[in-house]
Each structure stands twice: as C-alpha cells, then as structure tokens.
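Presented below is the structure to which this report refers.
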Amino acid sequence: MKFVISSFIIACAISTSVAANDLRSSVVREAAIEAGLVPSAATRPKTDPDLVSLGKLAFEAKELSAGQDIACATCHRDRFGSADGIPNAVGIGGDGAGDIRVASGGRTVPRNTLPFWGVGGIGYDTFFWDGKVSGRGDDLVSQFGAHALSSDPLVVAAMIPPVEVDEMVGDIGHLTTETVGSATVIYNQLVEQLAADPDIADAALRAFGIPAKDLKFENYAEAIAEFIRFNFSVQDTRFHEFVFGKGKLTEDELNGGLIFYGKGRCSMCHNGPYFSDFNFHSIPSPSASFGKNGFGIDYGRFNVTNDPNDRGKFRTPPLFNVLKTAPYGHSGAYSEVSDIILAHSDPLAVLNFQELSSPQRQDVYQQLRHWLEEPVSQSALTSKELDQLISFLATLEFDSKREVRSP
C-alpha cells in the first residue's frame, strides 16, 4: 500500500512539474512573439547570386584599401563571430589578428568592431554604434548628406570604411581629411585597383554586364552590401525552433528566457526580429582607448545629432551569436558577457573608477545620469540568474552561409 501511495505522489509531482514547465514555455513563446520575434525567413530579403559573388571577392580584397594592405575581412573574421576579438579595431598599419594585431602598432579605430549578423535584413536600417547611417530612401541620413550615392543605407554604410583615414586609407599624399571631395578621389583609385584583379573583373562583368573599369565605386559597395545581406542573414536558431517549431529548451535556458522577458527587462531594448530596438541608450562604459572624442571619451549619438540628451548613448546591439563576439560595449571595455550584463543592471559592480582619468570619470557620471532613466537600471540579478540568462543567449546562435577568407 505504501508503494502505491509513493508511486501516486511521484506521478503527481511529475505531472505538476511537466505542467509548470509547459506553462513557462508558453509564457516565453508568447513574450517573444509579443516582443516582435518573427520566423527567420521573414527577415531575409532576396539577393542576387552574381552580386553576392562579386561582393564576397571585394569584401576579402586588400585592393579595397588605398594602400592595398587591409580588407573588410581583416577586421570581420569568422573566428571572432564576424568581429575582430579585440576591444577597439586596429586599421591601417596593423598586422595579424586578435591580440597580435593590438600589439602590431597599427592605427586604433576607437570603437569596438560590430558583427554583421542580420545586417541589412528587412527592417535593419540603422548602422554603426552612433547610427550615423540610418533611414532609407528620401529619409536616409549619413555623413554624405545630400551627396549620398545610394538610397540603400547598407550600401552607404559600406562606402564609409574605405574612406576613413585611420581605418582603410592612411596618409595617401594630401588625403589626410575625410570629406566628400577626398572620398571621391579615393573611390576612383579603388575602382582601378579592384578592376586590376582578374577574378574581380570577371565577377563584375557577370554582375553588372559592363567591364569592371567602367564601374563606379557605388557598384562595388552595392555588391558588398548584397554579400553581407546574404552571408550573415538570420537563420533559424534553437530559440526560433522553440518559438515557432517543436524545439525544446533546457531548464536553465527556459529560466533564462523568463528572466530576459521578465525580471531582467532585457527585451525592453533587445526586441524585434533582431533583438534590437535600433534606438540609443546609455549603459556606462568607459572608452578602452583614446575615445572617439579624445581624452578617453566618446559622446556616441551626440556626435551625430548634437543633442545634449544623446551624449553617451549608443545603438542597441542585436544579440545573435553574442557569445562569440567578445569583447563587449561600444568601447570593448568588457571582456566577458557577464560583465556587460552587469554593466546594464549594476554598473558600479564592474566599473573601476581608480583606473579612469578625471575626464573619463566625469563622462561616466554623465552616462550614469542617463542610465538611471533606462528600464534595466532597476533589474539587478543574482549570480544564478546571470548564468541562466547567459544560457538563454546561447540559444541565439547560427552559422554564416559561406566561409570568409581573411587576408
């Protein structure tokens, strides 16, 4: 009789556990859809295979730089999840990858290299940490102003790194400034260099039906944009399969999802098809180098809008493959994903004020003032909850379509 009672109690406990698990699963699924998650296929625009092939060659080509010594693929590497694995990018004069590149003596580009996952997908129209390229068509905003050569924001974004002095130009004669005029001179040079490569010339002819020497640089930028859209397009993750299919999450992943959409308030900003609201927020993060504005300071969105309320604010980064793209933050100041999560909810736990200069501390105080207005400022997590949240983030991974050859 005791055995029968014990078996009944165990069966009831199992049944209750299964029901609770089903309820939690339903809550996470509904929360994800309410926050804007869609099937991965709904984010993928159609792409032209010939343009993609040309774009891949140009993406990997050192001929895309004025000195023919650096390519897009130099800083966007598969081994680092399409980023570069270092706090701040190292442009002209750099050598190697990762820590070796940091020590090589190249020019520092004072922001963390952003990965490409989902870039240019449907609705993904805001680029760079400060959103300096955003919008589409007549509403497009960029450094080129009225001189933009495309209404496609990703094409315009692809045209910027090759004409930034420290990133891909260097000191080429008198071209030490970044203006529309100097950009035009460099673009003409890059077209000649790219057309001189037989493989690129053949691919250009297939893509556009005219000789490579007759192309404009915006044609190559269009191809690079097409390659990025195709190669890093959102694919099904384990979380997509859980929400829209029959996939399962582990106990820790499910609890992490509940934290993400609940107590952690992560989805207040990390929402939509790309886990980003593409808006600008303040998460205290000192610069890991001299900073975009010098003296270890980066004003972020303020550099684009000149609005004091935008000082120290940066675009919400999407979260696909986030565990592969350390270090984190606009300055790459946080080496572990746990640190950047803590910086969201409890920045004083990870900030070392003794290592900061007086101007940097003043800048962080300004960031903290804005941070107090962010929803995550009221969402401190326990160490167990932090681990569970990281387990959930691991469900947002997928692979690129093609391997990128880094020079």
Side-chain angles (χ1 to χ4, degrees), residues 65-66 70 75 83-84 86-94 99 101-114 127-134 141-145 157 160-172 174-183 186 280-315 317 327-335 339-340 343 347 350-371:
S65 62
I70 188 171
C75 296
D84 59 6
I86 56 181
N88 288 177
V90 176
I92 291 296
D99 293 341
R101 190 166 185 83
V102 175
S104 67
R107 296 191 184 183
T108 298
V109 180
R111 280 186 181 159
N112 184 244
T113 299
L114 282 163
F127 302 95
F128 301 103
W129 281 107
D130 54 15
K132 63 186 177 185
V133 177
S134 63
V141 175
S142 77
Q143 291 163 281
F144 295 99
I160 291 177
V163 293
E164 293 206 330
V165 172
D166 289 337
E167 191 162 352
M168 297 183 75
V169 177
D171 298 325
I172 306 298
H174 64 286
L175 298 178
T176 57
T177 60
E178 295 170 354
T179 65
V180 173
S182 64
I186 295 170
F280 302 88
H281 301 276
S282 179
I283 304 300
S285 179
S287 292
S289 67
F290 52 83
K292 194 77 171 178
N293 295 92
F295 303 99
I297 293 171
D298 190 334
Y299 290 158
R301 181 65 173 167
F302 172 83
N303 292 331
V304 176
T305 66
N306 290 320
D307 182 345
N309 292 319
D310 286 335
R311 179 174 166 179
K313 293 185 178 181
F314 296 85
R315 193 201 68 177
Y328 303 99
H330 72 272
S331 67
Y334 300 106
S335 59
D339 290 337
I340 187 64
V350 287
L351 288 171
N352 188 340
F353 283 87
Q354 299 304 315
E355 294 182 353
L356 303 179
S357 67
S358 178
Q360 285 180 307
R361 286 196 295 273
Q362 295 300 318
D363 190 50
V364 169
Y365 300 151
Q366 178 80 2
Q367 293 176 43
L368 284 167
R369 184 174 70 83
H370 288 305
W371 170 78

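Predicted model only: the values in this text are computed from it and were never measured. Position 1 is the first residue of the sequence, and the numbers go up from there.
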How close do [X] and [Y] get, heavy atom to heavy atom, and via which atoms?
X      : Y      : value
Cys75  : Arg101 : SG-NE, 4.4 Å
Trp371 : Ile283 : CD1-CD1, 4.4 Å
Gly94  : Ser104 : CA-OG, 3.3 Å
Pro286 : Val364 : CB-CG2, 4.3 Å
Asp339 : Ser335 : OD2-OG, 4.2 Å
Ala288 : Pro87  : CB-CB, 4.1 Å

Query raised in the report: Which class fits the ring pair Trp129 and Phe314: parallel under 30°, tilted 30 to 60°, perpendicular over 60°?
Result: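 Aromatic pair Trp129/Phe314 classed perpendicular.
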
Requested in this report: For the residue pair Phe353 and Tyr365, categorise the inter-ring angle as parallel (less than 30°), tilted (30 to 60°) or perpendicular (more than 60°).
Outcome: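 Rings of Phe353 and Tyr365: parallel, as their planes differ by under 30°.
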
Report task. Determine, step by step, whether Thr113 and Asp84 satisfy the side chain to side chain donor-acceptor pair (under 3.5 Å) criterion, reporting the C-alpha distance in whole Å, the side-chain angles of both residues, the deciding distance to 0.1 Å, and the verdict. Result -> CA-CA 6 Å; Thr113 299; Asp84 59 6; 2.8 Å; yes

Atom [atom1] of [X] and atom [atom2] of [Y]: how far apart are they, to the nearest 0.5 Å?
X      : Y      : atom1 : atom2 : result
Leu368 : Arg361 : CG    : CZ    : 13.0 Å
Asp363 : Ser358 : CG    : OG    : 11.0 Å
Asn293 : Phe302 : CG    : CZ    : 8.0 Å
Gln367 : Leu351 : CD    : CG    : 8.5 Å

[Y] and [X], any side-chain heavy atoms less than 4.5 Å apart:
X      : Y      : value
Glu167 : Val109 : yes
Ile92  : Val169 : no
Phe295 : Ser357 : no
Tyr334 : Pro327 : no
Pro359 : Gln362 : no
Ser331 : Asn112 : no
Phe127 : Ser134 : no
Ile160 : Phe128 : yes

Report task. Go through the side-chain N and O atoms of Ser289 and Asn88 and say whether any donor and acceptor fall under 3.5 Å apart. Result -> yes

Query raised in the report: Between Lys132 and Val141, is a side-chain contact (heavy atoms from CB on, under 4.5 Å) present by the stated rule, with each step listed?
Result: CA-CA 7 Å; Lys132 63 186 177 185; Val141 175; over 6 Å; no

Query raised in the report: Would one find more than 12 heavy atoms of other residues, nucleotides or ligands at under 6.0 Å from atom CG of Asp99?
Result: no

Query raised in the report: Do Glu164 and Lys292 sit within salt-bridge range, that is, some charged N less than 4.0 Å from a carboxylate O?
Result: no

Requested in this report: Kindly indicate, with the supporting measurements, whether the criterion salt bridge (charged side-chain N to carboxylate O under 4.0 Å, His left out) is fulfilled by Asp130 and Arg111.
Outcome: CA-CA 10 Å; Asp130 54 15; Arg111 280 186 181 159; 2.8 Å; yes

Has the side chain of [X] got a donor or acceptor atom that lies under 3.5 Å from a matching backbone atom of [Y]?
X      : Y      : answer
Arg107 : Gly93  : no
Ser142 : Phe144 : yes
Asp298 : Gly312 : no
Ser282 : His370 : no

Query raised in the report: Under the side-chain hydrogen bond (donor to acceptor under 3.5 Å, both in side chains) test, which residues partner Asn352, sequence neighbours left out?
Result: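 For Asn352 the side-chain hydrogen bond (donor to acceptor under 3.5 Å, both in side chains) partners, ignoring immediate neighbours, are Glu355.
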
Report task. Compute both the distance and the angle, then confirm whether Arg315 meets the cation-pi test with Phe280: under 6.0 Å from the six-membered ring centre, within 45 degrees of the axis. Result ->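 No, cation not above the ring by the 6.0 Å, 45° rule.
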
Query raised in the report: With sequence neighbours left out, what residues match Asn309 under side chain to side chain contact (heavy atoms under 4.5 Å, CB included)?
Result: Asp307

Query raised in the report: Residues two or more places apart in sequence or in another chain: which of them pass side chain to side chain contact (heavy atoms under 4.5 Å, CB included) with Arg369?
Result: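 For Arg369 the side chain to side chain contact (heavy atoms under 4.5 Å, CB included) partners, ignoring immediate neighbours, are Gln366.
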
